[in-house]
Every structure is written in structure tokens, then in C-alpha cells.
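See below for the structure under consideration.
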Amino acid sequence: MVHLMRISVRSDEDVYTAALAFAQGERISVAEAINRLVRRGAEGRSSVAHDARQKRTASRFPTSAGKRLITSQDVKQIEATEDARAFEPE
């Protein structure tokens, strides 16, 4: 039996933005998104076996070991390159 609890929390803007994006992508409410994300985090911490192919960055998000982290600057550079190509004559 699931007991629903109503709580109010303060979150950092980036955390709310991530939860909102997840909710929109999954077509669920923000509350359900937060429930799922917290459960994932709790399951990950209770797991005894650690996947050696993953490491945690300073942000604490898992990344693939040996792979370069893609930054927002990388994304901006890719977007600028694509924008420049869009205006090149064929």
C-alpha cells in the first residue's frame, strides 16, 4: 500500500530544471519525476556491485570511464558550427 505524502521543498534551480525536463520528456508530473529520480538515486547507493565502466564526476552524475565529458561550451561550439553550415551555399 502506497501512502502519499505532501511536502514542500526548496531546490536549486538546476535541480528543478532537470526534474522538469525529465517530467516533460516522460510526459509525467514533476512530482512523479522527482519520485522516480529519488528512487533511482536510492537504488544506486544501495547497490553493492559497482559498474567498473562508470565513474562519477564532480557533479556526481555517472559518466562512462575513459570518455570525455561533453560540456555546455562543446554544445555551443557544435551549434555555432551547424548554424554556419546552414548558411553555406550548396
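Taking 4.0 Å as the cut-off between side-chain N and carboxylate O, Glu32 and Arg36 count as a salt-bridged pair.
Atoms CD and CG, from Glu26 and Leu37 in turn, are 9.0 Å apart once rounded to the nearest 0.5 Å. Note: Ser11 OG to Leu20 CG = 10.5 Å, rounded to the nearest 0.5 Å. Put simply, CD1 on Ile28 and CZ on Phe22 are 5.0 Å apart, with the number rounded to the nearest 0.5 Å. Taken to the nearest 0.5 Å, the OG atom of Ser72 stands 11.5 Å off from the CD atom of Gln77.
Linking ILVMFWY side-chain heavy atoms closer than 4.5 Å, directly or via other members, places Val30 and Val15 in two distinct hydrophobic clusters.
Ser29 and Ala23 get closest at one heavy-atom pair: O-CB, 3.7 Å.
Donor-acceptor pairing under 3.5 Å is lacking for the side chains of Thr17 and Asp14.
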